[in-house]
Amino acid sequence: MELPGLPLVRELVIRYARVIEQFGGEIGRRPLVLPNSAFFPDEFRGDDASLQRLVSRMAEHAGMADIPIRATLDGEEGACGTGAGACGSGACGTTSVGDDGVALVDTGDGWVLRLAGTELANPVTMTARLARALAEIFLYETREEDTALDEPFPVTIDLAGVALGYGVLLMEGSYVYSKSCGGPRVGQVTTLSCGELAVPYALFVKASGVTRRAALKELGVTQREVVTQALDVLDANDGLIAALGRAPERVAAGLFELGEAKPGLLRLFGGKRKETDEDGLPSLEDLERLAKGSAAPKPRPVDPKRDELRALVDEAFESARPASD
């Protein structure tokens, strides 16, 4: 899988910077939530109590422990919401997170999160849907009154989810590979594609000081490949990360330069891509510079005794060689 072209990468950077500009103060410094026992030590038994523990744990990691959220399993997928099978009138007070697996109800003094029982079959899609649901709750709870949220709203949900630390969970949910009797299938529960989501995820990783190894460790093969490309682009534009932390409003306004990632050999040589270097190889100037910088072999010091011994050995070999006809 390939990273999107630079124009779309630039737009994703701007959209992510908008989220940081508007909500960075509330988000704070969040950890990268990983799908392991360090972050999720509780046993999940597929009941309401397990779901409540899981949602509470995820909310705590995102700094949302102060928001009352009650999580329940719903036997009918989309029973109350704006997805398939919903009343669609809005009278039930439910907002949609863009799929039928999760419904949210704003009770006025908290939230009820209803998860379809069918979502329990796949922990990857389930946790990705929960991450998006919690990101939506965060956006509604922290936005300034009468302030519109950026459209398309489902995209803003994905971006906020990454900023809250759910990047790995969302990356996994953006490309869900499975096998069935009909052949391989790829599902997606996020709005942004795997390649698109890699851009804000890489921004979060770089801004948070997460190591590349830690950022890639829990990802699938496809996700790891495209995130590596995104990190390479940001490595070639290191001033962007500093600007995102210091003045996100300038990045949100598009006041930044964005260049392509350096090919591997150019990163090794530490040079810049030349206009004539279309094949991605280092130019002759780079090679010459490296050759000049290499240490030349030191001349052997003069040793009369060694040279005399060498002459005697050569003479002995010469005298022993059979005469030619």
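Note: hydrogens, waters and symmetry copies are ignored here, and every other heavy atom, side chains too, is used.
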*Considering all heavy atoms, the nearest A128-G173 contact*: CB-CA, 3.8 Å
*Drop me the distance from L6's CG to E11's CD, to the nearest 0.5 angstrom.*
13.0 Å
*First locate atom OG of S56, then atom CG of D42, and finally report the distance between them rounded to the nearest 0.5 Å.*
9.5 Å
*asked:* Nearest 0.5 Å, please: how far is SG in C194 from CD in E172?
replied: 8.5 Å
*ILVMFWY network linking Y16 to L8, side-chain heavy atoms under 4.5 angstrom*: yes
*Between E225 and L219, is any pair of side-chain heavy atoms under 4.5 Å apart?*
no
*Applying side-chain contact (heavy atoms from CB on, under 4.5 Å), run through L134 and L164 and close with a yes or a no.*
CA-CA 9 Å; L134 290 170; L164 288 168; 5.9 Å; no
*Find the distance between CG (L169) and CG (L130) and round it off to the nearest 0.5 Å.*
9.5 Å
*Looking only at non-hydrogen atoms, find the nearest pair between F256 and I14 and report the distance.*
CE2-CG1, 3.7 Å
*asked:* Would you say that more than 12 heavy atoms from the other residues, nucleotides or ligands in this model lie under 6.0 Å from the CZ of R30, or not?
replied: yes
*Can we call the ring centroids of F39 and Y166 under 6.0 Å apart?*
no
*Quick one: is the NZ or CZ of R53 closer than 6.0 Å to the six-membered ring centre of F40, and within 45° of its axis?*
no
_More than 12 heavy atoms from other groups under 6.0 Å of CZ on R45_ = no
*Applying the 4.5 Å side-chain criterion to the ILVMFWY set and letting contacts propagate, would L159 and Y140 be lumped into a single cluster?*
yes
*Under 4.5 Å between any side-chain heavy atoms of I157 and L139, yes or no?*
yes
_Using the ring-ring contact (aromatic ring centres under 6.0 Å, His included) criterion, which residues pair with F23? Sequence neighbours excluded._
F138
*Worked verdict on W111 versus E136 for side-chain contact (heavy atoms from CB on, under 4.5 Å)*: CA-CA 11 Å; W111 294 81; E136 181 174 5; over 6 Å; no
*Has the side chain of Q52 got a donor or acceptor atom that lies under 3.5 Å from a matching backbone atom of I69?*
yes
*Exam field: side chain Q229 to backbone L3, donor-acceptor pair closer than 3.5 Å*: yes
*Run the numbers on D150 and Q22 for side-chain contact (heavy atoms from CB on, under 4.5 Å), then give the verdict.*
CA-CA 10 Å; D150 288 345; Q22 290 180 276; 3.6 Å; yes
*asked:* Between E119 and T125 (side chain of the first, backbone of the second, donor and acceptor by atom type, cut-off under 3.5 Å), is there such a pair?
replied: no
_Residue pair E218 / V168: nearest heavy atoms and the distance that separates them_ = CB-CG1, 4.1 Å
_side-chain contact (heavy atoms from CB on, under 4.5 Å), that's the test. Do E260 and V233 meet it? Break it down for me._
CA-CA 6 Å; E260 294 182 1; V233 169; over 6 Å; no
For residues 197-208, run the donor-acceptor check on the side chains, cut-off 3.5 Å, and write out each pair with its distance to 0.1 Å, sequence neighbours left out.
residue : atom : partner : partner atom : Å
Y201    : OH   : A215    : O            : 2.7
K206    : NZ   : D235    : OD1          : 2.5
S208    : OG   : F204    : O            : 2.8

*Report yes if the side chains of N237 and E257 come closer than 4.5 Å at any heavy-atom pair, otherwise no.*
no
*Look only at the side chain of D48 and the backbone of T72, and say whether a donor-acceptor pair between them is shorter than 3.5 Å.*
no
*asked:* Is the shortest side-chain heavy-atom distance between L73 and L120 below 4.5 Å?
replied: yes
*Do T156 and R18 meet the criterion of a side-chain donor-acceptor pair at a distance under 3.5 Å?*
no
*Quick one: pull up NZ in K217 and CZ in R224 and give me the separation to the nearest 0.5 Å.*
11.0 Å
*V226 and G195: which non-hydrogen atoms are nearest, and at how many Å?*
CG2-CA, 3.6 Å
*If only atom types and distance count, is the side chain of E196 paired as donor or acceptor with the main-chain N or O of L12 below 3.5 Å?*
no
*Look only at the side chain of H61 and the backbone of G165, and say whether a donor-acceptor pair between them is shorter than 3.5 Å.*
no
_Under a 3.5 Å distance rule, please check whether R132 uses its side chain to pair with a backbone N or O of D158 as donor and acceptor._
no
*Are V176 and L34 connected in a single hydrophobic cluster, I mean Ile/Leu/Val/Met/Phe/Trp/Tyr linked by side-chain heavy atoms less than 4.5 Å apart?*
no
*Which pair of heavy atoms, one from S50 and one from E43, lies closest together, and at what distance?*
OG-O, 3.8 Å
*Would you say the side chain of L115 lies within less than 4.5 Å of the side chain of M126, judging by non-hydrogen atoms?*
yes
*Side chains of D232 and R212: does their closest heavy-atom pair fall under 4.5 Å?*
yes
*Would you give the length of the straight line joining atom CD1 of I241 to atom CG of L234, rounded to the nearest 0.5 angstrom?*
4.5 Å
*Determine the minimum heavy-atom distance between L113 and A133, stating which atoms define it.*
CD1-CB, 3.8 Å
*Kindly work out whether a path of hydrophobic side-chain contacts (I/L/V/M/F/W/Y, heavy atoms less than 4.5 Å apart) joins L192 to V124.*
no
